[in-house]
Amino acid sequence: MDTQAVVEWFDAHERPLPWREPGTSAWGVLLSEVMSQQTPVARVAPQWEEWMRRWPTPQDLAAASKADVLRAWGKLGYPRRALRLWECAKEIGEGEVPGDVDKLLALPGIGEYTARAVACFHFGHNVPVVDTNVRRVYARAEEGRFLAPPPAKRELAQVEALLPEENGPRFSAALMELGALVCTAKNPDCAACPIKSTCAWQLAGCPEPSEEETARAKKRVQKFTGTDRQVRGLLLDVLRATPHPVEQSALDAVWPDAAQRSRAQASLLEDGLMDVNDEGLFHLPH
DNA sequence: AAAGCGTGGGC
DNA sequence: TGCCCAAGCTT
């Protein structure tokens with residue numbers, strides 16, 4: 001892969017995301033990465049600014065209540081991430097965000113991607129960073145397949161083999177950005193691609209994915225309407241909206257199917273996203 | 001290791 | 001409209 005061409009394209013097309021400003025702390029980068037897990041970057045930016053204003057350090061977040069943290073999370077989705085961030089802050093204690101992949105991996109809610117992103121983008125370590133964008137670009141440019149195969153351990157070594165010795169982190173960011181802006185999942189803008197001339201998928205004549213690959217991709221997309229996830233979201237909406245604990249009846253009003261409603265409510269209690277007080281009223285955790 | 005976990009925008 | 005997708009992690 002022409003890493004130079006990818007970086008030059010990035011130099012010209014990089015989005016001005018707030019956490020890319022020089023001087024952003026390790027905590028700021030970690031926060032941006034967690035917020036961006038499965039949530040579009042455009043929706044993350046304002047939320048990130050708000051969090052950094054309220055809780056600029058892990059010590060600040062650790063001192064906040066979980067209820068405040070969950071309300072500030074707003075509608076970014078997957079609110080367990082907010083709880084994990086709060087736990088991260090508690091674990092860091094009076095210390096600092098670690099720069100080693102292994103130590104980052106040990107933090108709650110930090111997996112293979114996020115650990116490497118922080119180590120690479122903040123600390124400048126030249127480690128492979130593999131997210132859905134990188135997987136897709138690699139599949140197309142290197143393997144000639146339109147759809148990336150299911151995530152596998154193998155990818156780390158494959159992407160590591162691409163890393164230039166100089167400016168590795170810059171290239172890693174560029175590769176992700178290329179996947180986000182040009183080599184997109186649905187309608188890639190190949191005319192704007194800096195590595196079109198060497199892209200394996202282009203050289204193979206832009207083959208359509210097989211029936212099997214298409215079926216696998218389709219299966220990956222989860223239902224939402226009518227699932228427990230939707231009900232959990234509706235229940236949490238009630239708790240986020242009111243400053244005081246609510247009666248069971250207020251929760252019952254959001255969904256007609258009682259069995260599903262109780263199941264969703266029980267799972268929220270189990271996850272620590274909901275709590276009951278001694279009067280039997282429900283609220284966000286303290 | 002497959003499945004669960006939110007939410008909203010684009011087409 | 002309904003489907004597809006989005007800087008994944010956990011169990």
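All chains are named by letter (A, B, ...) in the order of the sequence lines, taking the proteins before the strands, and each is independently numbered beginning at 1.
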Asks: Between A:K103 and A:E91, does any side-chain N to carboxylate O distance fall below 4.0 Å?
Replies: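 Judged by the 4.0 Å cut-off on N to carboxylate O distance, A:K103 and A:E91 do not form a salt bridge.
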
Asks: Can you tell me the distance, in whole Å, between the CZ atom of A:R220 and the P atom of C:dG8?
Replies: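 Computing the A:R220:CZ to C:dG8:P distance gives 10 Å.
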
Asks: Name the closest nucleotide to the A:D237 side chain, picking from C:dC5, B:dT7, C:dG8.
Replies: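 That would be B:dT7.
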
Asks: Verify the contact: side-chain N or O of A:R240 to OP1 or OP2 of B:dT7, cut-off strictly under 4.0 Å; return yes or no.
Replies: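 Affirmative; the distance criterion is met.
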
Asks: Report the distance from atom CD of A:Q47 to atom P of B:dG6, rounded to the nearest whole Å.
Replies: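 Going from CD in A:Q47 over to P in B:dG6 covers 16 Å.
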
Asks: Rounded to the Å, how far apart are A:R81 CZ and B:dG4 C1'?
Replies: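 That distance rounds to 14 Å.
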
Asks: Expressed in angstrom and rounded to an integer, what is the separation of A:Q37 atom CD from B:dG6 atom P?
Replies: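 Nearest whole value for this atom pair: 13 Å.
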
Asks: Nearest whole Å is fine: how far is B:dC5 P from A:R84 CZ?
Replies: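 After rounding, the reported distance stands at 14 Å.
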
Asks: Describe the nucleic acid contact of A:G111 in one word from base, sugar-phosphate, nothing, applying a heavy-atom distance below 4.0 Å.
Replies: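 Touches sugar-phosphate only.
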
Asks: For A:Q222 and A:K218, take the nucleotide of DNA chain C holding the closest heavy atom to each; which residue's nucleotide lies nearer the 5' end?
Replies: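 Of the two residues, A:K218 wins.
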
Asks: To the nearest Å, how far apart are A:R135 CZ and C:dA7 P?
Replies: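 Spelled out: CZ on A:R135 to P on C:dA7 is 11 Å.
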
Asks: So what does A:S32 touch, heavy atoms closer than 4.0 Å: a base, only the sugar-phosphate, or nothing?
Replies: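 Nothing, no heavy atom under 4.0 Å.
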
Asks: Are the charged groups of A:D275 and A:K66 less than 4.0 angstrom apart, N to O?
Replies: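 No, no charged N to carboxylate O under 4.0 Å.
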
Asks: C:dG8 phosphate, OP1 or OP2: any side-chain N/O from A:Q38 under 4.0 angstrom?
Replies: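 For C:dG8, OP1/OP2 do have a side-chain N/O of A:Q38 under 4.0 Å.
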
Asks: Report the residues that fulfil side chain to side chain contact (heavy atoms under 4.5 Å, CB included) with A:S262, sequence neighbours left out, ordered by chain and then residue number.
Replies: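 Not a single residue meets the side chain to side chain contact (heavy atoms under 4.5 Å, CB included) criterion with A:S262.
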
Asks: Any donor-acceptor pair under 3.5 Å joining the side chain of A:T132 to the base of C:dG8?
Replies: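 No.
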
Asks: Side-chain donor or acceptor of A:R80 under 3.5 Å from a matching atom on the base of C:dT10?
Replies: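 A donor-acceptor contact between them is absent.
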
Asks: Which value, in whole Å, describes the distance between the P atoms of nucleotides B:dA2 and C:dA7?
Replies: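 Roughly 23 Å separates the two P atoms.
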
Asks: Within the 4.0 Å heavy-atom criterion, would you say A:P151 contacts the bases, only the backbone, or no part of the nucleic acid?
Replies: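 Since no nucleic acid heavy atom lies under 4.0 Å of A:P151, the category is nothing.
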
Asks: When the nearest nucleotide of DNA chain C is assigned to A:L105 and to A:A185 on a heavy-atom basis, which residue is associated with the more 5' position?
Replies: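 With A:L105 and A:A185 compared, the 5'-side residue is A:A185.
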
Asks: Which comes earlier along DNA chain B counting from the 5' end, the contact point of A:K219 or that of A:K186, where each point is its nearest nucleotide?
Replies: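 It is A:K219 whose nearest nucleotide is closer to the 5' end.
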
Asks: Considering only atom C1', compute the distance from C:dC5 to B:dG6 and round it to an integer number of Å.
Replies: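 The answer is 14 Å between these two C1' atoms.
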
Asks: Respond yes when some side-chain nitrogen or oxygen of A:T39 is under 4.0 Å from OP1 or OP2 of B:dG8, and no when none is.
Replies: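 No, A:T39 has no side-chain N/O under 4.0 Å of OP1/OP2 on B:dG8.
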
Asks: If the threshold is 4.0 Å, N to carboxylate O, is there a salt bridge linking A:K90 and A:E87?
Replies: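 A salt bridge is absent here (no side-chain N lies under 4.0 Å from a carboxylate O).
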
Asks: Below 4.0 angstrom from OP1 or OP2 of B:dG6, is there any side-chain N or O of A:R232?
Replies: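 Yes, A:R232 has a side-chain N/O under 4.0 Å of OP1/OP2 on B:dG6.
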
Asks: Could you tell me the separation between the CH2 atom of A:W19 and the C1' atom of C:dA7, rounded to a whole number of Å?
Replies: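 Rounding to the nearest Å, CH2 of A:W19 and C1' of C:dA7 are 9 Å apart.
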
Asks: Could you give me the CA-CA distance, side-chain angles and deciding distance for A:R81 and A:L76, then say whether side-chain contact (heavy atoms from CB on, under 4.5 Å) is met?
Replies: CA-CA 10 Å; A:R81 287 182 292 164; A:L76 286 179; 4.1 Å; yes

Asks: Give A:I110 one of three labels, base, sugar-phosphate or nothing, depending on what nucleic acid heavy atoms sit under 4.0 Å from its own.
Replies: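 Sugar-phosphate, no base atom in range.
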
Asks: What is the distance, to the nearest angstrom, from the NZ atom on A:K75 to the P atom on B:dG6?
Replies: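 It works out to 11 Å between those atoms.
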
Asks: On the side chain of A:R229, is there an atom forming a donor-acceptor pair with the base of B:dG4 - under 3.5 Å, no angle test?
Replies: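 Looking at the base of B:dG4, it does not pair with any donor or acceptor on the side chain of A:R229 (distance under 3.5 Å).
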
Asks: Please report the interatomic distance CG(A:L104) to NE2(A:H122), rounded to the nearest 0.5 Å.
Replies: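 Reported to 0.5 Å precision, the distance equals 10.5 Å.
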
Asks: Looking for any heavy atom pair under 4.0 Å, which part of the strands does A:E112 touch: base, sugar-phosphate only, or nothing?
Replies: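 The residue A:E112 makes sugar-phosphate contact but no base contact.
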
